[in-house]
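Here the structure comes first, spelled out in structure tokens, and everything after it is commentary.
In the text below, chain A, chain B and the rest are named by the order of the sequence lines, each starting its count at 1.
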Amino acid sequence: MVRFLAGRIAGGAVTLLILVVVVHGLTALTPGDPLAAVLGPSIRHLPADEIARLRSDMGLDRPWPVRLALYLGGLARGDLGTSWRSGRSVAREVGDRLPFTLALTAAALPLAIGIGLVVGVAAAAAARTALDTALTGALVVGSAVPVYWTGLLLLLAFALAWNVLPSGGAGGAAHLVLPTATLALASAAPFARLARASLLEALAAPHVVAARARGLSRAAVLRRHALRNALVPVVTLAGLDLGRMLGGVVFVEAVFAWPGLGRLIVDAIVARDLPLVQGAALAGAAAVILANLAVDLLLWALDPRTRPA
Amino acid sequence: MALALLSGTAFAQVLVTALPINPTSLDPHRALEGYSFTVFQQIYDTLVRLAEDGSVEPSLAERWDYPEDGVLRLYLRQGVRFHDGSPLDAQVVAASLRRVVDPATGSRAAFLLTEVADIRVVDEHTIDLVSDPPYLPLLANLTFPPLAIVPLGAGAELGRAPVGTGPFRFVSWREGDEIELVADPGYWGGAPQLAGIRFRVMPERGAQIVAFRAGDLHLIHDPPPDAFHALAGLPDVTTVTFPSDRTTYLEINVEDPLLADPRVRRAFAHALDTELITEALFRGLALPPGGLLSPLVRDAVHEPGRFAYDPDLARALLREAGAEGARLRLDMANDSDLDAVAEVVQASLAAVGVQVTIHKMDFATFFELSSSGDTQLSVGFWGCDTLEPAFTLFAALHSSQVGGNNGARYANPAFDDLLERAMRTPDADARAELYRQAQELALTDLPMVPLYHHVGTYAKRGGLEGERIVASSFLLDLRQARLAEGAGR
């Protein structure tokens, strides 16, 4: 168990290191003047010598490997650097926003799994009937529609037409309802598909057939024998899906004015605020890696076959 | 509730409005983008400010004069205090202006004070700004919100805990979510009638409109033309337009072999169907071009119809210049508002036989291309924030700015001379004449062809009255604003 955990943590650290190098390299390779991106149109009023001075202040006159080495050195000391735009420490910028994204994904992921399982089980129970087709069809449409659009529709309905929920922002629990629902609806389809497929597979497995032959009811077989096996791939998918969800969160946060990491990272990329892009990407990646570690531990408990010999 | 009690006004309400971005800083000397001006100018004051007619009116300086050429003397209002209780005097103002030009501050507005050779404290409430040779745009420059006056010894903490002399005091800032201000009952200009202001950070325009329609916002800036007209029909909603300081241009690289011929540039000016832009695209919420600068700008040359839409004339000019069938590239920074404008330019030029391909990119890439002279045509806009012609003309067209913001690479010694003399001429009429001549010259050479002048728009509700916006949605003045009873949230 300890060796397993240590291996996973070491693997995570290597992943994070690769991520830093790749993000750093991509930002350096992107065409355009980072200073112009950071300053935006206000660069229009700067004299040329001032532009040169700012560039040197930001270290942009140094070669890329030197900048990377300096960044890694800072990282080793636990220093994520300073945002070029706001002048605040990246740790504080990220720290202000990360909890909001974690709260949103933490609420949306179980809801997505819940919706997926209910629909998947119902579809499997009614396999190859009109209900099955309708349910899976609805979910495919749900996941194909951009969250942007779903979000605005939900806003129009709940904030404008019925005026029962707030129109955005991060006040209290009520503010979390619409963004969570939007994100969960967009993410539920893969869970439902997987639950349906693995349940059908499990229902056809010899031990399930044997249980049915012993006279257990269909519902009891489903609950006691098939569902547990069908859960393994669903839990695995949950870990993988978290990364995808963090991608979708960007749009949801924009539509609902939710002050999370997704919006921070998009703003930072547009402004080419390299230290902030790095820090936010690192925080996001660390969250995904930790979540996957949690999934591995859960699988360990759920399925003995995943334990190393 | 707490806000209403604090303000001491029985029926005062809290105004709620939206910001499309989370400001980078509320330190006026470090802020970057216009929408942070909207917030911090409620908290701070500048020495002078823009009046509704575009002239300069008193603020922290109650009057000014020029005791000798090159010396701008400002007489400060007495008895003004910062929100932390510290008094405002000439020493504080001098330190604040020096903080702007101090490289350690990294202010993007320092360029507005580069011509100031000396800042002299005359007495406790009088200060001289000395420039040699005289530099007349200085007074207008002092209206620019990033030159607001900050307390003595202000450091980096000011960005997140702003302290000014303005009508509203800072209360809190939830990053990416909301900034809350409360009225300062001791404001030197009289206590505001609003109890406070909440700025909600809402990046998505559609969501802003939903929130406004749901009554969660009292004011939204710049709704798209379709939404603007739709909102106008709603009960309780008032839509407002105001003259803006912005103009959008077709910028032409005059060093390009094909575009160096002024006849080609004049042909473009007559080929462009600007009415299609103002009427079809902006549905009347834009003005046809009448000059290089918005008509709101002081001493702007404004003569609508100067470049009549005349494709035949354009074709004739192109034929004369041997530029028929030219193939050109148009570069632009990503900006959803400008996409359709660029397409109109493309279609207009295609109609006279010039093929244009549009290349869109992020602003950083665009700026690099443009400043290094690697563009042929580009579409972009300029604001003239101080309403002083030099603000735009110098940055965009003076030869010293080639390699920087002068993307047209226009370098005409006669233009430079007229502009420099205008900036040094104390007599207002003589200065206006020099500015006029400089604009006429640039309108003949046409390194930039104006496409339209922007019209500012906003929508309001909840019985909001008394608000004032001059030139730009960034300059929202809420000192006299009030909401109808029960409209606050």
Could you tell me which of B:Ala109, B:Ala207, B:Ala333 has the largest number of non-hydrogen atom pairs under 4.5 Å with chain A? B:Ala207
A:Arg97 and B:Gly176: which non-hydrogen atoms are nearest, and at how many Å? NH2-CA, 3.4 Å
Segment of B:Arg205 engaging chain A (4.5 angstrom heavy-atom cut-off): neither
Which distance, rounded to the nearest 0.5 Å, do you find between the CG of B:Asp216 and the CG of A:Leu160? 9.5 Å
Non-hydrogen atoms of chain A under 4.5 Å away: do they reach the side chain of B:Asp27, the backbone, both or neither? neither
Among B:Met202, B:Glu175, B:Arg30, which has the most heavy-atom pairs under 4.5 Å with chain A? B:Glu175
Contacts of residues 150-157 of chain A with chain B (heavy atom under 4.5 Å): A:Leu152, A:Leu155, A:Leu156
B:Tyr35, OH atom: more than 12 neighbouring heavy atoms under 6.0 Å: yes
Sort B:Asp177 into side chain, backbone, both or neither according to what part of it lies under 4.5 angstrom from a heavy atom of chain A. both
Is any side-chain heavy atom of A:Arg88 closer than 4.5 Å to one of B:Thr24? no
Taking C-beta and beyond as the side chain, do B:Arg160 and A:Ser86 meet within less than 4.5 Å on heavy atoms? yes
Looking only at heavy atoms, the pair that brings B:Ala214 and A:Ala159 closest together is CB-O, 3.4 Å
Counting only heavy atoms not in A:Trp64, do more than 12 fall under 6.0 Å of its CH2? yes
Is A:Tyr148 in contact with chain B via its backbone, its side chain, both, or neither, using a 4.5 Å heavy-atom distance? side chain
I'd like to check A:Pro259 versus B:Arg174 (side-chain heavy atoms, cut-off strictly below 4.5 Å). Are they in contact? no
To the closest 0.5 Å, what do you measure between CH2 (B:Trp173) and CG (A:Asp96)? 10.0 Å
Part of B:Arg200 lying under 4.5 Å from any heavy atom of chain A: side chain
Distance from B:Asn22 atom CG to A:Asp267 atom CG, nearest 0.5 Å? 7.5 Å
